[in-house]
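Ligands are counted one by one from 1 in listed order, and the atoms in each one are counted from 1 as well. Side chains are part of it too, since the values below use all heavy atoms of this structure and drop only hydrogens, waters and symmetry mates. If you're wondering where the values come from, they're calculated on a predicted model, not measured in any experiment.
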Amino acid sequence: MAGQKKPWGGRFSEPTDRKVEDFTSSLHFDKRLYPYDIEGSIAHCRMLAAQEIISSGEAEKIISGLQDILQSIEKGEFSFSSDLEDIHMAIEKSLIDRVGDVGGKLHTARSRNDQISLDMRLYLRDEVKNILDLLAGLQTSLVDVAKREIDTILPGYTHLQKAQPVLLSHYLLAWWEMLDRDASRLRGCRDRLNVMPLGSAALAGTGFPIDREYVAELLDFPGISRNSMDSVSDRDFVAEFIFDAGLMMMHMSRFCEDLVIWSGGEFGFVNISDAFTTGSSIMPQKKNPDVAELIRGKTGRVYGDLIAILTIMKGIPMTYDRDLQEDKEPLFDAVDTVKACLAVLSDMTGNLKFNRGRMLEAAAGGFSTATDVADYLVMKGIPFREAHGIVGHLVGYCIEKQKDMQSLDIEEIRLFWKDADDNIYACMSVNGSINARNIAGGTAGEAVLRRIKEIESMAL
Ligand code: ARG
């Protein structure tokens, strides 16, 4: 349309510069909003007819034109002309081409400012649903692997130093809990964005006798926005969603980081299946955890999207300013990235093979049951601080003699605690340590099974 009159061109005497057209156009990225733009327009049109702002004959023509456009886009026959400004203009122009001047009545009592707010909300509402489904898929994978590995022992770490033995199933369910909070944040985000903004028009509302509640009902919104100025300038829901996506990415990234470390030869705890790894172009022996690394790397992208939207928003004067068009690429990127990562991570998780022997061996070493010995002394009446000191000296002695605690004989133990008898050995075992933690939220097998039951009954 370079050199041609724009739909808004009445007050202009010169055509838009070609470079400016390219610079201002958002069509190449906002065209993905087409089903929502059309759905919103159909609802708006029905309302205009119900309120007798346009006739029902006119509404029928407009609606069938919009349905035509939808089909032609879906069949790949629609040409998105690069000189149209955005998806709203592309659809409106094509409508007028198809149904004639009556198509120009669709935009009565509406502005692109409230239209884009509606489109973004409809789009994100759908995508939140898709992401919740993908999240549930990853949670299910985690529970499945936890059940398969219910008794598998893992050395638990703090500071990446061996700390205390835990069950692998308990570890896997830790990620489940994180993802559960992610799901609840997403549902909260959806509640807040699920508000119908149409009728706010450019910024001040409209003088036409529209029925906003009816439009909300047609589009399945539980309510309408309450301030036209807020409605057209609000992108809180975009920032909130990207933050939620950022946390989800951070959770996935941390899990992937463990997988990267554990799949390395030095740890050798896990084997990521060939289908989810790649080779090296130079080193024939390599099998690299690229999928896990890419998820870790893509987390940075989504954080970038969050910083972008927050920075775009920070200096915008009330109400709509064109800066707001820059909200889309970060949002779309965050949606696409989080969806791709959730899908691939679910599949990769389901295919993990754990090296039980290697993990047990690692869990038993490094004095990982020292706290259990201290707890045993406490049960024998010794104050915890003193017990901590006794066991600390015992560990120091073992390191000096290059022995583990279980191979000390009772006389050696008595050097540090004179009342020791053979019962002390039981609390030094990895299984004893794990089974002792049979509290809600603890790592004992029974506690983990109870949590799995709870999770499964919630899913029903
Ligand atoms: N493409 C625009 C956006 O994404 C639509 C709204 C345009 N409104 C305007 N007054 N120029 O924000």
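The distance criterion of under 3.5 Å between nitrogen or oxygen atoms is met by D86 with respect to ligand 1.
Among R112, R322, K328, the one residue that satisfies the salt bridge (charged side-chain N to carboxylate O under 4.0 Å, His left out) test with D86 is R112.
By the 4.5 Å heavy-atom criterion applied to side chains, L186 and M248 are counted as neighbours. In this structure, the side chains of N271 and L352 stay at 4.5 Å or more apart for every pair of heavy atoms.
The neighbour count for E446 CD, taken as heavy atoms of other residues, nucleotides or ligands under 6.0 Å away, does not exceed 12. Other residues, nucleotides and ligands contribute at most 12 non-hydrogen atoms within 6.0 Å of the CZ atom of R254.
At a 4.0 Å cut-off, not a single heavy atom of Q115 sits close enough to ligand 1 to count as contact.
The nearest pair of heavy atoms linking S200 to S225 is OG-OG, 3.9 Å.
D30 contributes atom CG, which lies 10.0 Å from atom CD of E85 (distance to the nearest 0.5 angstrom).
Close approach of ligand 1 to S26 is summarised as follows: ligand atoms under 4.0 Å from at least one heavy atom of the residue are 1 (N). Within ligand 1, the atoms closer than 4.0 Å to a non-hydrogen atom of N113 are 8 (N), 9 (C), 10 (N), numbered from 1 in the order shown. Of all atoms in ligand 1, listed by their number and element, those nearer than 4.0 Å to a heavy atom of I116 are 4 (O).
Of all protein heavy atoms, the one lying nearest to atom 6 (C) of ligand 1 is Y320 OH, 3.4 Å. At the shortest separation from atom 2 (C) of ligand 1 among protein heavy atoms lies Q325 OE1, 3.3 Å. Ranking protein heavy atoms by distance to atom 4 (O) of ligand 1, first place goes to K328 NZ, 2.6 Å.
Considering R112, M89, H88 only, the shortest heavy-atom separation from atom 11 (N) of ligand 1 involves R112.
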